[in-house]
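Here the structure is laid out as structure tokens; the discussion comes afterwards.
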Number of protein chains: 2
Amino acid sequence: MRNNQELLSLLVDMAKATRCCQQDSSYGEDITFTQFYIINLIAEQGTLRLTDLHALLSVEKSTSTRLIDPIVQRGYVKKEKSACDCRAIDLTLTEKGHETNIEHWKCLNDFFNQLLAEIPEDKQEEVFSCVVLFLKAVKKVFNHPGCS
Amino acid sequence: MRNNQELLSLLVDMAKATRCCQQDSSYGEDITFTQFYIINLIAEQGTLRLTDLHALLSVEKSTSTRLIDPIVQRGYVKKEKSACDCRAIDLTLTEKGHETNIEHWKCLNDFFNQLLAEIPEDKQEEVFSCVVLFLKAVKKVFNHPGCS
DNA sequence: CCTCCATAGTTGTATGATACAACTATATTG
DNA sequence: CAATATAGTTGTATCATACAACTATGGAGG
């Protein structure tokens, strides 16, 4: 069994890895990791309601407003009032947004290939399911009333 | 094999988990996760050179200066010029800092117990070693010249 | 048809983490 | 001693983020 110092280090390392992802520019110099992820989400779904973005990113609604702002300004994403509900905002990709998505996926694929290369092939499946399990556990505990 | 959409989701989930850790107040209302970690590090080592902190946190030196600032202000940590090198700063815990460390470890232990409870006992060892492996892989790729 | 409440988004304001560059002060080495 | 390297601080800027107050719109019940 692990002791709790090791677990704390694990959380800190996770924070570091996250920081690396968010600061790296594999997904482009012009947009951040989160912004790329948003573009990717819109690309997947065609149209994305801003409300749904709050949920997908697990952030406060004002945060999603502000996250999309730069990519709207820079012409990656189009923001339109929904036809069926005037309060709502529908997000779609511009041509530039589509190109960017494809372009950055190339870089991301390279990144993932390198990542996989660091993990023995016969362990990859195990590693990923374990990481998923771990992240789910963390998430679940934070939803519990717990110590906080 | 996983497809890369799943891998991307994994990274995003990792970022969410990190955010949870950093916003949660299990380790106290008065200090942040990183600040608690710093206090814990000083407690472990007795005295910590500020330079060493840059490395332990993997941050720029100006960042560590600013991270310790609030906990120095609030009287958890004492900042003193090193006797042997006048340029250097030695960090030590105050009495309050020690108490805080012990207090917050109680909360953190609870948190880890809850976390472990979410993972079947016979899988815990596997899960943690896989997460470690994964984080190491991420770290290693970012050190490579790679796509960025 | 109103009224009341709920929902979608925006804006003001504040905080934390972070980097880079320029700077000061001190140590070390040739 | 001079030149260079190291430790830390400060100015400045950016991103992510939350909460609260606000506007505008939609829906449900009388």
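So that the names make sense, note that chain A is the first sequence line, chain B the second, and so on, each numbered from 1.
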Classify every nucleotide of nucleotides 23-29 of chain D by which part a protein heavy atom approaches to under 4.0 Å, writing B for the base, S for the sugar-phosphate alone and - for neither, in 5'-to-3' order. -BBS---
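One can place CZ of A/Phe36 at 18 Å from P of D/dC15, the figure rounded to the nearest angstrom. For the pair A/Leu53 CG and D/dT17 P, the interatomic distance rounds to 11 Å; values are reported in whole Å. Between the CD atom of B/Gln22 and the C1' atom of D/dT17 there is a distance of 11 Å, given to the nearest Å. Spacing between atom CD of A/Gln35 and atom P of D/dC15 amounts to 7 Å, rounded to whole angstrom units.
Along DNA chain D, the nucleotide nearest A/Ser58 and the nucleotide nearest B/Leu50 are compared for position; the residue whose nucleotide lies closer to the 5' end is B/Leu50. Nearest-nucleotide assignment on DNA chain C puts the 5′-proximal partner with A/Thr51, out of A/Arg19 and A/Thr51.
Between A/Phe36 and A/Trp105, the ring-plane angle classifies as perpendicular under the 30° and 60° cut-offs. Under the 30°/60° scheme for interplanar angles, the aromatic rings of A/Phe128 and B/Phe134 are found to stand perpendicular. Using a 30° and 60° split on the angle between ring planes, B/Phe111 and A/Phe142 fall in the tilted class, from 30° to 60°.
Contacts between chain B and DNA chain C, taken as any atom within less than 4.0 angstrom of a protein heavy atom, begin and end at C/dG16 to C/dA27.
Here the side chains of A/Ile38 and A/Phe33 are not in contact, with every heavy-atom distance at 4.5 Å or above.
Under a 3.5 Å cut-off, the side chain of B/Lys16 and the backbone N or O of A/Val59 do not form any donor-acceptor pair.
Of all the residues in residues 60-73 of chain B, B/Lys61, B/Ser62, B/Thr65, B/Arg66 reach under 4.0 Å from DNA chain D with at least one non-hydrogen atom.
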Applying side-chain hydrogen bond (donor to acceptor under 3.5 Å, both in side chains), run through B/Asp30 and B/Tyr76 and close with a yes or a no. CA-CA 11 Å; B/Asp30 201 22; B/Tyr76 297 105; 2.3 Å; yes
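By the 4.0 Å N-to-carboxylate-O rule, B/Asp90 lies too far from B/Lys81 to be salt-bridged with it. Using a 4.0 Å cut-off between charged nitrogen and carboxylate oxygen, B/Lys106 and B/Glu103 count as a salt-bridge pair.
When the side chain to side chain donor-acceptor pair (under 3.5 Å) test is applied to B/His54, the partners found at least two apart in sequence or on another chain are B/Ser64. Taking the side chain to side chain donor-acceptor pair (under 3.5 Å) definition, one finds that A/Gln5 meets it with B/Asn40, sequence neighbours left out. The side-chain contact (heavy atoms from CB on, under 4.5 Å) search around A/Thr65 returns A/Leu50, not counting sequence neighbours.
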